Number of protein chains: 2
Amino acid sequence: MPAKPKKPDVVARAQMIEAEDRFIASWGRMGSVWGISRTMAEVHALLYITGTEMCTDEIMSRLGVSRGNVSMSVRSLLEWSVIEKVRIAGDRKEYYQAEQDVWSMLRAIARERIKREVDPLLDALDEISELAPQASKGSSTEIQDLQQRIEAVRDGFSIITTLSHKFAGPRGAGLQTAAKLLARAPIGRTKKHGSKRGGTSQ
Amino acid sequence: MPAKPKKPDVVARAQMIEAEDRFIASWGRMGSVWGISRTMAEVHALLYITGTEMCTDEIMSRLGVSRGNVSMSVRSLLEWSVIEKVRIAGDRKEYYQAEQDVWSMLRAIARERIKREVDPLLDALDEISELAPQASKGSSTEIQDLQQRIEAVRDGFSIITTLSHKFAGPRGAGLQTAAKLLARAPIGRTKKHGSKRGGTSQ
DNA sequence: ACAGTGTTTCAGAAAAAATTGAAATCACAA
DNA sequence: TTGTGATTTCAATTTTTTCTGAAACACTGT
């Protein structure tokens, strides 16, 4: 048990819990917006923000959700590789711990989202492009236009996917370095949100 | 009225409709995954893939959805600036037409998604960071760690937002050029999906 | 094999989100 | 201003998604 350098007073402790809860709530809310179940996002937030490994029961009681829900959420998070199992000697329970490196985490999230949100669309577009009447010299402009529009979308997403795979690949600092690198290149202009603290820094 | 170079035969015409419907269905399905109402995505898909300006009733009957739903969807799409109103002389109805440039469209989508999915989180994180007990030399490691974790997430998203604003800004070919530029830089490795046709081409 | 823990599954319940449809509102020509 | 047709709004409804809880299952030590 690591020594507590200074025992935080009761007030600070309460504030910490409050801040954690708010973080969990915000992350959970975003989860919904991202098409992820709120609980799944909350479990992740809890493990990340506390940095502690926790077992099912601890998660259940802290978030006030059912065992089944925690079980399902944990499974998805493991698939996403944003948390991992931890075994604790002399304890039969499974403990879970969040990836603590933010960029690893963001890459993992990006990867999963591409997988869910872009790949299926690309597959569908390929299929549709084949199904549609083929454009050729003799085709009506309608047919040519249709093919051209499908192709345009397909190519756009294809480029985005390629890019993402480079940046969000599980190994390497792709996203991080790219982001930092590109953040300085003057392609456009930054907008607000540079308010508090270092912010965009670098 | 532009001449039809070759009147497409009935079969080709049917195939076109079929392809359009499939495109609409796929885009709609993705809409759900993206946290957008299915109808909103379908309306956009319809306007994009046909390239035609359409009025409320045409959209209603083609998609088989209610007037109210079309009205709401159209309003959102206008806010997203992925479609625009068109007035047709001597007609009292409003017509709508989709942005036809794919990169403009993708940039608009990216912009809106950042607005919905990242900005509120950044704001929340700032607030939480203030609310949490402030770290200082005398603080317990718990407090320092908490602040450090909040900060880490904040900075990550902050960089992503900055980047996105550069790439997805309404004017300029930010995303397109960046994508093309970066697509060749060997940061990682590409994976599948280069199957049919030009693919990632350029 | 079995007792004791811990985990997963899944049908039904609850909650959230999307959609309808009709009344209210608007916009414009006469 | 009034009449007409188009559009918007929103309470009620339908559909979809998420969550619960308890039974089934799995693992481990005896």
Side-chain angles (χ1 to χ4, degrees), chain A residues 24-25 27-47 53-80 83-97 113 116-117 120, chain B residues 24-25 27-47 53-80 83-97 113 116-117 120:
Chain A
I24 292 167
W27 198 255
R29 198 167 309 116
M30 280 307 116
S32 319
V33 176
W34 296 4
I36 287 162
S37 104
R38 202 189 75 249
T39 305
M40 177 174 160
E42 285 181 349
V43 171
H44 179 227
L46 172 61
L47 294 174
E53 60 282 11
M54 292 181 137
C55 65
T56 307
D57 294 85
E58 288 170 325
I59 299 172
M60 279 171 66
S61 65
R62 177 73 186 261
L63 298 181
V65 297
S66 73
R67 186 174 298 284
N69 201 352
V70 170
S71 172
M72 282 166 142
S73 298
V74 156
R75 171 149 46 123
S76 304
L77 289 168
L78 287 169
E79 269 164 26
W80 284 47
I83 69 173
E84 58 183 4
K85 277 190 187 170
V86 187
R87 302 225 114 260
I88 290 195
D91 193 333
R92 223 154 119 186
K93 287 204 258 311
E94 307 265 21
Y95 284 76
Y96 306 97
Q97 179 178 274
R113 295 191 71 182
R116 287 174 27 137
E117 300 180 0
Chain B
I24 292 166
W27 198 255
R29 198 167 308 116
M30 279 307 117
S32 319
V33 176
W34 296 4
I36 288 161
S37 103
R38 202 187 75 251
T39 305
M40 175 174 162
E42 285 181 349
V43 171
H44 179 227
L46 172 61
L47 293 174
E53 61 280 13
M54 292 180 137
C55 67
T56 307
D57 294 87
E58 288 169 325
I59 299 172
M60 279 171 66
S61 66
R62 176 72 186 260
L63 298 181
V65 295
S66 73
R67 186 174 299 285
N69 201 352
V70 169
S71 171
M72 282 167 142
S73 297
V74 155
R75 172 150 44 125
S76 303
L77 290 167
L78 287 169
E79 269 164 25
W80 284 47
I83 70 172
E84 58 184 3
K85 276 190 187 170
V86 188
R87 303 222 115 262
I88 290 193
D91 192 334
R92 225 154 117 187
K93 286 203 264 301
E94 307 265 21
Y95 284 76
Y96 306 97
Q97 180 176 277
R113 295 191 70 183
R116 288 175 23 137
E117 300 181 1

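Everything numeric here is computed off the predicted structure, so don't read it as measured data. Chain identifiers are assigned alphabetically (A, B, ...) following the order of the sequence lines, protein sequences preceding nucleic acid strands; residue numbering begins at 1 within each chain.
- Contact check, S37(A) against dT18(D): no side-chain N or O comes under 4.0 Å of OP1 or OP2.
- For the pair C55(A) and S32(A), both in contact range of DNA chain C, the more 5′-proximal nearest nucleotide belongs to C55(A).
- Here the P atom of nucleotide dT17(D) and the CE atom of M40(A) are 16 Å apart, to the nearest Å.
- Between R75(A) and dT9(C) there is a side-chain N or O to OP1 or OP2 distance below 4.0 Å.
- In this model, the phosphate group of dT19(C) is approached by a side-chain N or O of R38(B) to a distance below 4.0 Å at OP1 or OP2.
- Between the CD atom of E94(A) and the P atom of dG6(C) there is a distance of 11 Å, rounded to whole Å.
- For R92(B) and dA27(C), the CZ to P distance is 11 Å, given to the nearest whole Å.
- Comparing dT7(C), dT20(D), dA6(D) against the side chain of T56(A) picks out dT7(C) as the nearest.
- Between D91(A) atom CG and dC27(D) atom C1' the separation is 14 Å, expressed in whole Å.
- Classification of D57(B) and K93(B) as a salt-bridged pair fails, no side-chain N sitting under 4.0 Å from a carboxylate O.
- We find that CD1 of I59(A) is positioned 16 Å from C1' of dC19(D), with the value rounded to whole Å.
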Going through the checks in order, is the side-chain contact (heavy atoms from CB on, under 4.5 Å) test met by I88(B) and E53(B)? CA-CA 10 Å; I88(B) 290 193; E53(B) 61 280 13; 4.1 Å; yes
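- The pair E58(B)-R62(B) does not meet the salt-bridge criterion, since no charged nitrogen lies less than 4.0 angstrom from a carboxylate oxygen.
- Note: CE (M60(A)) to P (dT20(D)) measures 9 Å, nearest angstrom.
- A salt bridge does not link R75(B) to E79(B): none of the charged nitrogens lies less than 4.0 Å from a carboxylate oxygen.
- In summary, R113(B) and E117(A) engage in a salt bridge, as defined by a charged side-chain N under 4.0 Å from a carboxylate O.
- K85(B) has its NZ atom 9 Å from the P atom of dT7(D), to the nearest Å.
- Between dG3(D), dT20(D), dT20(C), one nucleotide has an atom nearer to the side chain of V65(B) than all others, and that is dT20(C).
- Checking dA6(D), dT20(C), dC10(C) against the side-chain heavy atoms of K93(B) singles out dA6(D) as nearest.
- Neither OP1 nor OP2 of dT9(C) sits under 4.0 Å from any side-chain N or O of R67(A).
- In this model, the phosphate group of dG21(D) is not approached by any side-chain N or O of S66(A) to a distance below 4.0 Å at OP1 or OP2.
- Whole-Å rounding puts the I36(A) CD1 to dT18(D) P distance at 10 Å.
- Mapping R87(B) and T39(B) onto DNA chain C by nearest heavy atom places T39(B) at the nucleotide closer to the 5' end.
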